[in-house]
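Here is the structure we will look at.
Order of the sequence lines fixes the chain letters, A, B, ..., with proteins taken first and strands second; residue numbering starts at 1 for each chain. Given the structure is predicted, the values throughout are model-derived calculations rather than measurements.
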Amino acid sequence: MTTDEGTGREAPATARQAAFTGKPRRRGTTFQVRAAEIAARSLITAGGLGTILAVTLIFVFLLMVVAPLFTSATLETRGTNSVESSVITAIGVDRYEALKWIASADGRVLSMTADRVEVIDELSTARDGVGVPTAQTFSPTLDHAVLGYEDGGVVLVDISFEEDYLDGATEGLGDLAEGETRVVDGWAVQRTPVGQLRATRLAWEATEPDFPFEGSAVHLVDSTDVAGSPIYATLTADGQLALTKIRVRTSMFGGETRTPSSIELPYEQPDGAGLPLALFLNGRGSDVMLLWADGTYHRYRENDEGEGALVETRDLVADPNARISAWTQMLGKESLVLADDTGGVTTWFLVRDADDPSKLVTVTSGSMPKLTGRHVTALTPSPSSRLLVGGTNDGKVEVYHATTHRLMGESDLGLDAAVTAVELSAEETSIRAAAGSSLVTLTLDPKYPEASVGTLFGKVWYEGYPEPEHVWQSTGGTDEFEPKLGMVPLVYGTLKATTYSMIFGAPLAILAAIFTSEFLSRRLRSRVKTVMELMASLPSVVLGFLGGLVIAPFVQDQLAGVIGVLFALPLAFLFGAHLWQLIPRRLTLPWNNGWQRFAMIVLAIPIAVAIGAIAGPVFEGLFFGGSAQSWLAAESGEGAAGGWALVTLPLCILAVLLFITRVVDPLLRDRLVTTEHKHLARIQLAKFIVGGLAALGLAFVVGFGLSAVGADPRGGVIDTYVQRNALVVGFVMGFAIIPIIYTLAEDALSSVPEHLRHASLGAGATPWQTAMRVIVPTAMSGLFSAVMIGLGRAVGETMIVLMATGNTPIMEMNIFNGFRTLSANIAVELPEAVKESTHYRVLFLAALTLFAMTFVLNTAAEIVRQRFRKRAYQL
Amino acid sequence: MVWLTGGSLALGLLMVFGLFGLVAIRGFSTFWPSEVVRFTTESGEVVLGQVRGSEERLLTEDQLQQLEDQKGAETVAAVRANGDRTERRRVRSVNLFDTDKNTTAWFDDFELEGSTAGLDGAWERAIERPEWALTVERYAEGRYFGELVGFRSGDTVEEDLDAAWAAFEASRARVDEARADWKYIVGVRIGRDLSAATKDAELSARKVALNEGEGSVEHLAAVARAEELGDENALLTKELQAEANTIEQGARDAALLVRNARGEVDEIEVWDVVRAIPANRIGTLGALGVYVDRWLEFLIDDPRKANMEGGVFPAIFGTVLLTLLMCFVVVPFGVLAALYLREYAKQGLIVSIVRVAVNNLAGVPSIVFGVFGLGFFCYFVGGELIDPLFFPHYGNEPVYGGGGIMWASLTLALLTLPVVIVATEEALAAVPSSMREGSYACGATKWQTIRRIVLPRAMPGIMTGMILAIARGAGEVAPLMLVGAMKVAQSLPLDAQGLHPERKFMHLGFHIYDLGFQSPDSEAAIPMVYTTTLLLILIVVALNLTGVWVRSRLRQRYAAAGA
């Protein structure tokens, strides 16, 4: 409808009044027109502003998801109860926090409601006629305990929580609210969020005692569990040390038979030290560690012959006056944590010795912030992560992150007693600490302890690593696995992908753009440009597929040939150019901007490919023992000369080029001024051939020289070959960035005003001189912004790197190895990441990093381009 | 040096043509039925199968030494006589230990029986092409290669091969019809209608529980109704299943009798056969028929065998629907934003900052949009706003709280927004201000001017922007991996019941990634990947070319009108 806006409807009337009346017309704009005007204005303004706001929302939202990563933990006291018990040695709580158990020094184990002290059940660890245990150790996850007795008996205990769901109609529970706990017949009952009644009780299952040393009182004991088979180590009061493995067989009728087998370890006691303070068994059950109060540490290990020996002795506390005040092992039992009475808390674990890789040594990865004037008296690890909770002699609770040695939180219990036992719940939401006869419950929110600026971007010394490293490994196979969220390998991978693809793509694109804008006729130019733009529309998943499944296997098969072609191509073009000069000028002149020269250039490619494909393997046979890949993997005995020659060849070419332009050309110039073009072309060709050979010779001289010195190029830019590698990615990514750089660069070159070109040509410059000395410098900022935008695309490209690399997050400059980029990492891991977990937020941080990187690059490009436009306009 | 620049351009062009050529050749050749050959290897193994590519390789001295240790001097002498070269072929055949599967293996010329007489022509000498060799494509298992020996129908066995083949052809129509009925019952009636009805009833019961309270009269009634319906449906399912079984049993009476490479006769029921091709006797015309048939199947059928065979219709459908939905969102908003920036906003520092930001957004990696889409649309808007508000009865099961076609299209819309804004702005800027001024001078308001004068003139630019946005959106995969593209989607996001914006979907690009990199046998999947790639490239390139064409057409028209 076009008549709804006033003018149309009035048409007949206007026609009638068309005659000049002399009176001014008095007609306002009709209501519809005004309404439409206002509606359009507000709609467009709202829609436009809304759209632009929506766009900024992306950044804000990413930031909102990432921000909580850097909030600090909170810790506050929830309540204090007093318990009638002797010194509490261990506390455990079930995962729903319905009930807890406490073990005390007098051998009693009380189970009671989690937030009060209503005793549900009581059991004793004393054995009939033997009495209370003389040694007891609870596992870090508090689901196992091992007890040693006066008579040499060792009992393994399985601690679990039995759960049952009650009938909704159970008497007396109708009014039970969610979050409340009530005791019914020895069960702690809670109402679940979906309204069911869940009953929980402690299940304490002790085995019959084994007797590694019958009759000798057990002094210290520790146990671990390897794939369902328990292993424990015992030290008796009379100085006998043994490692006992128990094979559990389930018989056909459901019964279990346990066969213990012990090996005795040659216990050595330092002079005048008495019995040790603590005994540890590592998680794999291979090493037994003894610790004395002054920090003396002995490590025993079972060797291949099944005999144990003392393999390491050292002092773990530097201060001679310090005494060990608390100790524990982190989850997985591979790290020791020791607290001493000067306030230090230190973590130790085994790593491979740098000097002798067959040996392990105990090293410290660092200490927690030192306490002054007070010290830790009780320690417990988190049953699910690397958090560590300590209780101090002045009644405070400290929460540490063991890997990064950070103090996450501190809380004063308000009691004037030393803490004897602490416990952290499985969900890490609550802490229970025992001091004197009081039991304090604290609420903990650890937030995101694995992530901090230090762990995300710095080197971190993880358990079992020989030194601090940048590591990204977000998921692992076991519960004990510690996520390693170092983003540096990913950033490194991103930069590596970008670098190699730019080395390949940027020169190609820019040179191609120069040729298109300066040496092609207008008609050819538009066709060529359309084809190159078509390349830009290729979906990157297609490029990734071709890279990963077609090009990568091909390059692996034909490595020598491919590298040969890489060198042969530019040489062939240069050689072709010199030959072209030999053709009489009157023939070539009309061809210069037409298809003829371009056709000749195209023809040079198959020749170069053929030469490269033949020369590559020949070179490979001569210098790499017939297989470049086994040479790269250092499997063939061939020397390094060929490798060096190859690596230094580009530098040598540059050197020779410099020599020619600086030394040879000035010498020749005077004589050549008068020479005919024909002769000049011949001399140039000779110069080129001699120069090329000289460069090659120089490269080999350098190569042999360097390899004679003993230097090896492997380990840097070239090293062991992996099928999906940076070379392949560089090439395939070229497909993605070449059209972008090409189009923008060509636009920039074409927009240099014609009069500059004409002036230059008119002054006698050749087209090449014009291009290089006039056009390119003028368009430089445009070319720069084209490269920046290409760079931005390469940084964020996902599918190509996802499919054409092995996605291993390693940090190596090796062109023949893979990497993992930020973008590929997001694509691989985000679908699996649990919403709002640390991992999830760190992946958002990766996205934010990418966003920031490309935003900076693009803004820089945009600003430069604006300036270029202004300049081009002024010219 | 000019040559170096020209060489770069030539290389660039060569890369484009090489890539398109490779994809076209490999993609178009996938469905061509190749001949079935039989040969005996030197170790006495008989192989019956299809050649799927060959290559020549040059053996190194080490490899020749190894070969001598394994095969003896004669073999090596033959290879040496051939200039250390040997040709090898990749042959796909039936796995004789598990005839449900295929084996693809390389066979070097020197491995063939009689190759010691000389490698030149060894292949041609070694192979035979059995006249009645069949390539049988099966629904659930891999391809079967064998020689036809007969056709069993009920208890009668036809052993005359021509008659047997005729009987097989004749039985196809009947079995295919039965199979279609069976598929309808199992897939649609049981798999979709009945299970959906049962689930709906349960969900509505839960909804009642939430509205009226747990254990209320209404709730109990609804639960009873749901249970009753469930029982009813279970009974109905059983009946339908029985009916389907009857159909299946009735149609399973006919079978091809085929002899495999070991000489054993296998029975392949017509019911299990998608297509049987007597590859060596159909001739070029017959092969063309099979080729066209396979392309049709590829374009309009569902995938089979973990996507490795069959069609990609759901993926095409998903791609097209996704792109259309994206278009509905991105074009109006993009045009609004551009109109605002160019016509309404006060030109100044802020607007130019916004303009730079919008330009920059075009360079933000697509995966970042995917992350945003997952976090904002799926988890926040879907999971925390829509689901608790409208679908509380689904409990923890996400409805809009996971990936889906709506979220995916919104994500892509954000991704392509800068393309539309920039193109539209450029088009608006290109409208000469004299035309605007002329319109104002005639007394038109701003909106009238925009609607009647500016927008029509800017239309070519807007269209171009839209088409470029579609082309970019159709080829984008990375963000879709996060917001709802799936390996196999059970149901289409648009069906007789209407649009299901929450459903996950299949996508051609994701299909390529999944098939090439996540499938159990990626070697065997490569031909299929090529074909899918070809299809995707054709779609994207066609869209791009349309964009270019539309632009030039409209420009011409306005140029003519302006003159």
>> Return the CZ to CG distance between F59(A) and L361(B), rounded to the nearest 0.5 Å.
In response: 12.0 Å
> Looking at N858(A) and G363(B), what are the two nearest heavy atoms and their distance?
Replying inline: ND2-CA, 3.3 Å
>> Give me the atom names and distance for the closest heavy-atom approach of L4(B) to P570(A).
In response: CD1-O, 3.9 Å
> Quick one: of G734(A), G576(A), A572(A), A46(A), who has the most non-hydrogen atom pairs under 4.5 Å with chain B?
Replying inline: G576(A)
> Rounded to the nearest 0.5 Å, how far does CG of L520(A) lie from CG of L9(B)?
Replying inline: 6.0 Å
> Does the ring centre of F851(A) sit less than 6.0 Å away from the ring centre of F372(B)?
Replying inline: no
> At a heavy-atom separation under 4.5 Å, does A478(B) approach chain A through its side chain, its backbone, both, or neither?
Replying inline: both
> Looking at I740(A), I510(A), T859(A), I863(A), which makes the most heavy-atom pairs under 4.5 Å with chain B?
Replying inline: T859(A)
> Looking at M535(A), E836(A), M799(A), which one has more heavy-atom pairs under 4.5 Å with chain B than the rest?
Replying inline: M799(A)
> For the candidates F844(A), F573(A), Y742(A), which exhibits the highest count of non-hydrogen atom pairs separated by less than 4.5 Å from chain B?
Replying inline: F573(A)
> Measuring heavy-atom distances to chain A, does L417(B) have an atom under 4.5 Å in its side chain, in its backbone, in both, or in neither?
Replying inline: side chain
> With side chains defined as the heavy atoms from C-beta onward, is the minimum distance between V23(B) and L546(A) less than 4.5 Å?
Replying inline: yes
> For V371(B) and L848(A), what are the C-alpha separation, side-chain angles and deciding distance, and is it a side chain to side chain contact (heavy atoms under 4.5 Å, CB included)?
Replying inline: CA-CA 9 Å; V371(B) 171; L848(A) 195 65; over 6 Å; no
> Quick one: are R41(A) and Y344(B) in side-chain contact, heavy atoms under 4.5 Å?
Replying inline: yes
>> At a 4.5 Å cut-off on heavy atoms, which part of L508(A) comes close to chain B: side chain, backbone, both, or neither?
In response: both
>> Between Y530(B) and V550(A), is there a side-chain heavy-atom distance shorter than 4.5 Å?
In response: yes
>> If I take atom CZ from residue F20(B) and atom CG from residue L538(A), how far apart are they, to the nearest 0.5 angstrom?
In response: 4.0 Å
> Which atoms of L414(B) come close to chain A, meaning under 4.5 Å heavy atom to heavy atom: side chain ones, backbone ones, both, or neither?
Replying inline: side chain
>> Can you tell me which of V531(A), T530(A), L843(A) forms the most heavy-atom pairs within a distance under 4.5 Å of chain B?
In response: V531(A)
> Do you know which two heavy atoms are closest between F517(B) and F545(A), and how far apart they sit?
Replying inline: CE1-CA, 4.0 Å
> Measuring from F731(A):CZ to M15(B):CE, what's the distance to the nearest 0.5 Å?
Replying inline: 5.0 Å
>> Show the nearest heavy-atom pair for residues Q448(B) and E37(A), with the distance to one decimal.
In response: N-OE1, 4.5 Å
> Is it the backbone or the side chain of V540(B) that comes under 4.5 Å from a heavy atom of chain A, or both, or neither?
Replying inline: side chain
> Where does L857(A) contact chain B at under 4.5 Å (heavy atoms): side chain, backbone, both or neither?
Replying inline: neither
> Looking at side-chain heavy atoms only, is the closest gap between T798(A) and V477(B) below 4.5 Å?
Replying inline: no
>> Testing the basics here: between M532(A) and G12(B), what is the closest heavy-atom pair and its distance to 0.1 Å?
In response: SD-C, 4.0 Å
> So which of L822(A), L549(A), I58(A), V795(A) has the largest heavy-atom pair count under 4.5 angstrom toward chain B?
Replying inline: I58(A)
>> I need the minimum non-hydrogen distance between A10(B) and V602(A), along with the two atoms involved.
In response: CB-CG2, 3.9 Å
>> Heavy-atom cut-off 4.5 Å, strictly under: side chain, backbone, both or neither for I789(A) against chain B?
In response: neither
> Using non-hydrogen atoms only, which part of F17(B) is less than 4.5 Å away from chain A: side chain, backbone, both, or neither?
Replying inline: side chain
> Would a 4.5 Å heavy-atom cut-off, applied to side chains only, mark L830(A) and I367(B) as touching?
Replying inline: no
> How long is the span from the CG atom in L11(B) to the CG atom in L569(A), to the nearest 0.5 Å?
Replying inline: 5.5 Å
>> What part of L339(B) gets within 4.5 angstrom of chain A, counting heavy atoms only: side chain, backbone, both, or neither?
In response: both
>> With a 4.5 angstrom heavy-atom cut-off, is it the side chain or the backbone of V354(B) that approaches chain A, or both, or neither?
In response: side chain
> Hey, are the side chains of L536(B) and V541(A) touching, using non-hydrogen atoms and a 4.5 Å cut-off?
Replying inline: yes
> What part of L468(B) is in contact with chain A, defined as an atom under 4.5 angstrom from a non-hydrogen atom: side chain, backbone, both or neither?
Replying inline: neither
> With respect to chain A, which residue among F376(B), F333(B), F510(B) yields the maximal number of heavy-atom pairs within a distance under 4.5 Å?
Replying inline: F376(B)
>> In the structure I gave you, are the side-chain heavy atoms of L802(A) and M481(B) within less than 4.5 Å of one another anywhere?
In response: yes
>> Let me confirm one number: the CE-CD1 distance from M803(A) to I512(B), rounded to the nearest 0.5 Å.
In response: 7.5 Å
> Checking L19(B) against chain A: side chain, backbone, both or neither under 4.5 Å from a heavy atom?
Replying inline: side chain
